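Below is one structure, written out as structure tokens, with a few remarks after it.
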Amino acid sequence: LNRSSDADSVTCCWDSFRDEESGIESQALMMGDLPGSWKHGGPVAIPSTESCARLDFAFSTGQRRNMTFIVTIEAKNGAEIKASSSQLLAIDSTPPKEGFVEIVQDYYSVSGQQEVVECQQSETEIHVKWSGFVDAESSVEKYEIGIGTAKGAADIHPFTSVDLPTDVRLDRLFIPHGLKIFASVRAINVAGLTSIVTSDALVISSQPRVTVYDGLGDGDDDYHSSSQLLSAHWIVDDSCPITETAWSIRRVDGGEILPFTRLTVGGTSAVQDK
């Protein structure tokens with residue numbers, strides 16, 4: 001083990017010592033500033049048959065925060081000849097620095113720039129990017145990504161390890177129309193400490209639900225007295241903002257009276273008087 005979180009002890013394992021002539025009589029585990037030193041822990045006697053042991057720190061949590069030490073395992077044979085092996089141990093008591101997570105859809109907004117999505121059409125695929133996760137002490141070992149209906153939740157897609165990319169597409173999902181979801185990324189350092197960051201909300205809108213009524217009244221007109229003026233109003237049931245509205249008029253036989261014509265965004269009625 002070469003990294004540890006801020007615990008009261010550390011567990012170390014090593015390849016077993018062997019001595020064909022006189023055998024291994026004893027072992028000792030210790031920790032200090034130099035190989036063979038026990039200034040910061042030990043020495044702890046270890047049975048010669050063991051190859052893992054716990055070593056308690058000899059000082060408080062605050063004193064060892066984000067420090068490095070040298071752990072030594074020393075073996076002595078029947079002739080009292082010693083051999084040892086040392087390993088650097090870094091104490092990482094802090095989780096990775098939080099980064100930024102976004103759900104991105106490959107489309108262009110009105111301004112022509114790719115942007116973080118608030119809504120998307122696909123009910124089966126999510127494209128997530130993240131950046132800025134940093135761990136100066138032990139480094140980020142892996143990321144886990146989850147999709148859920150609340151910040152930090154993963155009820156749509158469980159947290160899954162994605163190793164070390166920062167751009168992932170999740171597919172084969174089932175996200176119902178109108179559902180608000182979040183993407184959460186967990187960064188895990190070598191010491192096992194984690195940071196979790198959640199994206200802004202995303203609403204799935206597979207297709208806007210629109211109900212159209214003839215005329216401008218409260219209901220739907222079955223008859224109209226003017227042959228020069230036609231009107232309509234409509235109700236849009238969609239959790240996503242409407243970015244474009246257009247209307248058209250056709251006869252029952254399919255003949256076109258008015259081709260699709262753009263209206264002011266957000267408008268809910270229109271009149272054709274020609």
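In what follows, residues are counted from 1 in the order of the sequence shown. Model, not experiment: these values are computed from the prediction.
- Using cut-offs of 30° and 60° for the angle between ring planes, the Tyr213 and His233 rings count as parallel.
- Residues that satisfy the side chain to side chain contact (heavy atoms under 4.5 Å, CB included) test with Asp19, not counting sequence neighbours, are Glu21, Ser22, Ile24, Asn77.
- Looking at Glu74, its side chain never comes within 3.5 Å of a backbone N or O of Lys82 through a donor-acceptor pair.
- Side-chain heavy atoms closer than 4.5 Å link hydrophobic residues (I, L, V, M, F, W, Y) into clusters, and following such links, even through other members, never connects Leu193 to Val134.
- For Glu137 and Thr94, the side-chain atoms include at least one donor-acceptor pair closer than 3.5 Å.
- Annotation: the span from Gln27 atom CD to Ser16 atom OG amounts to 7.0 Å, rounded to 0.5 Å.
- In terms of heavy-atom proximity, Val101 sits nearest to Ala183 at CG1-O, 3.9 Å.
- Residues passing the side chain to side chain contact (heavy atoms under 4.5 Å, CB included) test with Glu25: none are found, sequence neighbours excluded.
- Counting only distance, with no hydrogens or angles, the side chain of Thr198 and the backbone of Gly152 share a donor-acceptor pair below 3.5 Å.
- Considering all non-hydrogen atoms of both residues, Glu98 and Ile196 come closest at OE2-O, 4.0 Å.
- Taking CG of Asp200 as the start and CD1 of Ile103 as the end, the distance is 8.5 Å to the nearest 0.5 Å.
- One finds the CD1 atom of Ile73 at 9.5 Å from the OG atom of Ser51 (value rounded to the nearest 0.5 Å).
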Throw together a table of side-chain donor-acceptor distances under 3.5 angstrom for residues 261-271, partners on residues two or more places apart or in other chains.
unit_1: Thr261; atom_1: OG1; unit_2: Pro259; atom_2: O; d: 2.8
unit_1: Arg262; atom_1: NE; unit_2: Glu244; atom_2: OE2; d: 3.4

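- The minimum heavy-atom distance between Leu216 and Ala232, with the atom names listed, is CD2-O, 3.6 Å.
- The two residues Pro165 and Trp130 make their nearest non-hydrogen contact at O-CZ2, 3.0 Å.
- The CD1 atom of Ile70 sits 12.5 Å away from the CE atom of Met30 when rounded to the nearest 0.5 Å.
- In terms of heavy-atom proximity, Asp33 sits nearest to Ser37 at N-OG, 3.9 Å.
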TODO: Would you sort out whether Phe69 and Leu55 count as a side-chain contact (heavy atoms from CB on, under 4.5 Å), showing the intermediate values?
DONE: CA-CA 12 Å; Phe69 308 95; Leu55 183 62; over 6 Å; no
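- Cluster annotation: Leu173 is connected to Leu202 through the hydrophobic network of ILVMFWY side chains, with a link wherever side-chain heavy atoms come within less than 4.5 Å.
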Task: Verdict with supporting geometry, Ile235 and Arg209, side-chain contact (heavy atoms from CB on, under 4.5 Å) - done: CA-CA 8 Å; Ile235 298 174; Arg209 272 58 167 174; over 6 Å; no
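- Between the side chain of Asn189 and the backbone N or O of Pro95, no donor-acceptor pair lies under 3.5 Å.
- Between the side chains of Glu123 and Ser206, at least one donor N or O sits under 3.5 Å from an acceptor N or O.
- Between Trp234 and Trp247, the ring-plane angle classifies as tilted under the 30° and 60° cut-offs.
- The two residues Asp155 and Gly148 come nearest to each other via the heavy atoms OD1-CA, 3.0 Å.
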Open item on the list: Cys12 vs Cys52, test: disulfide bond (SG atoms under 2.5 Å apart). Steps then yes/no.
Closed with: CA-CA 6 Å; Cys12 302; Cys52 284; over 6 Å; no
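- The distance from atom CD1 of Ile145 to atom NE2 of His157, rounded to the nearest 0.5 Å, is 7.0 Å.
- With hydrogens and angles disregarded, no donor-acceptor distance shorter than 3.5 Å links the side chain of Thr194 to the backbone of Arg186.
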Task: Pair Phe133-Ile188, side-chain contact (heavy atoms from CB on, under 4.5 Å): steps then yes or no - done: CA-CA 10 Å; Phe133 290 92; Ile188 304 172; over 6 Å; no
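- Leu179 and Val203 fall into different hydrophobic clusters, where Ile, Leu, Val, Met, Phe, Trp and Tyr residues are linked whenever their side-chain heavy atoms come under 4.5 Å apart, directly or through other members.
- Judged by distance alone, the side chain of Gln120 and the main-chain N or O of Ile126 form no donor-acceptor pair under 3.5 Å.
- Residues Ile156 and Val168 fall within the same hydrophobic cluster, defined by Ile, Leu, Val, Met, Phe, Trp and Tyr side chains chained together at heavy-atom separations under 4.5 Å.
- Remark: Arg251 CZ to Ile257 CD1 distance equals 6.0 Å, nearest 0.5 Å.
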- [ ] Report the C-alpha distance between Asp135 and Val140 in whole Å, list the side-chain angles of each, state the deciding distance to 0.1 Å, and finish with yes or no for side-chain contact (heavy atoms from CB on, under 4.5 Å).
- [x] CA-CA 6 Å; Asp135 194 295; Val140 176; 4.2 Å; yes
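- For the residue pair Trp14 / Gln87, no side-chain donor-acceptor distance below 3.5 Å is found, with atom types taken as modelled.
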